[in-house]
There are 2 protein chains.
Amino acid sequence: MQWQFSNDAPIYTQLIQQVKVGIVTGAFPPGERLPSVRDLATEAGVNPNTMQRALAELERDGLVYSQRTAGRFVTEDNTMINQAKRSLAERHVKTFLEAMLRLGFQRDEIITLITQELGEEEADHASA
Amino acid sequence: MQWQFSNDAPIYTQLIQQVKVGIVTGAFPPGERLPSVRDLATEAGVNPNTMQRALAELERDGLVYSQRTAGRFVTEDNTMINQAKRSLAERHVKTFLEAMLRLGFQRDEIITLITQELGEEEADHASA
DNA sequence: GCTGTTGTCTTATGTGATTAATACAATAGC
DNA sequence: GCTATTGTATTAATCACATAAGACAACAGC
């Protein structure tokens, strides 16, 4: 798990996002025990309280659950995880398109920019 | 000019973004005088100091300039404005694609999602 | 049963963002 | 020239975020 933060948003919200991404991408598989709050905090380089806050919020979403002293676990509900993934993707798509349309870009221009950038990334990977 | 803020980022950074968008979209045309700091602040529902901070930063970017007591004006440099627009777009595209690829979506899946969403928006507009 | 680890809670402190309330010099407009 | 408006600066107060340090009950594992 790679942890990195920007300074244009609260750390605890970024923690929520990154753990969530870790879950939907399988870095934290369904049913698997997460490292303890303290360990995760150390790993991410944040205060245990901050990590606790993020995990508590993920628990409210149902993506993880805690067993008093045994630790914290990723949900076994694959449907919920897929739902979370689809939800994340949809929000990204909507946010992106809203921003681009607001800037005045036409639909075909957006498609063009996307395919261009995808091509470049592919080229980058090939040359790397 | 529509002002709205989320609580997951400092207001002054959101102000910077929104004024910048206003400039590149022509809501604030090149060379035009902006409302005073106080008026803009009132309009946006924020403190004048916060608006001042945002405008000062836009001034460092060169998108606006201030004349002591006459007010603040949008740059007449269309090249700079177009450059800002392209820069904003590129950042949106990159951020979006990074997020989607990290979630594990394939290139063609991304294209599909985009075109789907664009189709729905078109339908929305048509029905409205 | 003991012990260490777990999630959880509490209190205190520091920092940055934001608001609030002014104040000032410069000057456009009359 | 006067005056109101302008950008700009200063100081203080408030709030959320983040850290720090420590405490507690519960219980898994021995």
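- For DNA chain C, the residues of residues 3-20 of chain B within the heavy-atom distance limit of 4.0 Å (strictly under) are B/P10, B/I11, B/Y12, sorted by number.
- If you measure from atom CG of B/N49 to atom P of D/dT8, you get 12 Å, rounded to the nearest angstrom.
- Test A/R72, A/E59, A/E76 against A/Y65 for side-chain hydrogen bond (donor to acceptor under 3.5 Å, both in side chains) and you get one pass: A/E76.
- Mapped onto DNA chain D by nearest heavy atom, A/R53 and B/P35 fall at different nucleotides, with B/P35 at the one closer to the 5' end.
- Rounding to the nearest 0.5 Å places CD1 of B/I114 at 5.0 Å from CD1 of A/I114.
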| request: Take A/S6 and A/D8 through the side chain to side chain donor-acceptor pair (under 3.5 Å) test and state the conclusion after the steps. | output: CA-CA 6 Å; A/S6 69; A/D8 56 359; 2.4 Å; yes
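- Residue B/R38 is in base contact, counting any heavy-atom pair closer than 4.0 Å across all strands shown.
- A close approach under 4.0 Å does not occur between any side-chain nitrogen or oxygen of B/T50 and OP1 or OP2 of C/dA17.
- Note: CG (A/L34) to P (C/dT5) measures 19 Å, nearest angstrom.
- Side-chain proximity of A/S36 to C/dG7, D/dT6, C/dT10: nearest is C/dG7.
- Atom OH of B/Y12 is separated from atom CE of B/M51 by 14.5 Å, given to the nearest 0.5 angstrom.
- At whole-Å resolution of the value, CE in A/M51 and C1' in D/dC17 are 15 Å apart.
- When all heavy atoms of A/I81 and A/P30 are compared, the closest pair comes out as CD1-CG, 3.7 Å.
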Which pairs, protein N/O on one side and nucleotides 26-30 of chain C N/O on the other, fall under 3.5 Å?
| from | atom 1 | to | atom 2 | distance (Å) |
| --- | --- | --- | --- | --- |
| C/dT27 | O4' | B/T69 | OG1 | 2.7 |

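- Between the C1' atom of C/dT8 and the CD atom of A/E57 lies a distance of 16 Å, rounded to the nearest Å.
- For B/E59, the side-chain atoms get nearest to D/dT8 when compared with the rest of D/dT8, D/dT19, C/dT8.
- Nucleotide D/dA9 holds its P atom 16 Å from the CG atom of B/N47, rounded to whole Å.
- Under the 6.0 Å distance and 45° angle rule, A/K20 does not count as a cation-pi partner of A/F28.
- Here the P atom of nucleotide D/dT8 and the OH atom of B/Y65 are 13 Å apart, to the nearest Å.
- Rounding to whole angstrom units, CZ of residue A/R72 and P of C/dT5 are separated by 18 Å.
- Annotation: side chain of A/M100 is in contact with side chain of B/H92 (closest heavy-atom distance under 4.5 Å).
- Residue A/Q14 holds its CD atom at 6.5 Å from CZ of A/F5, rounded to the nearest 0.5 Å.
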| request: Report the C-alpha separation of A/W3 and A/Q18 in whole Å, then their side-chain angles, then the decisive distance to 0.1 Å, and conclude whether the side chain to side chain donor-acceptor pair (under 3.5 Å) test is met. | output: CA-CA 8 Å; A/W3 304 95; A/Q18 295 186 31; over 6 Å; no
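- Here B/S66 lies in heavy-atom contact (under 4.0 Å) with sugar-phosphate atoms only.
- Spacing between atom CG of B/L55 and atom P of D/dG7 amounts to 8 Å, rounded to whole angstrom units.
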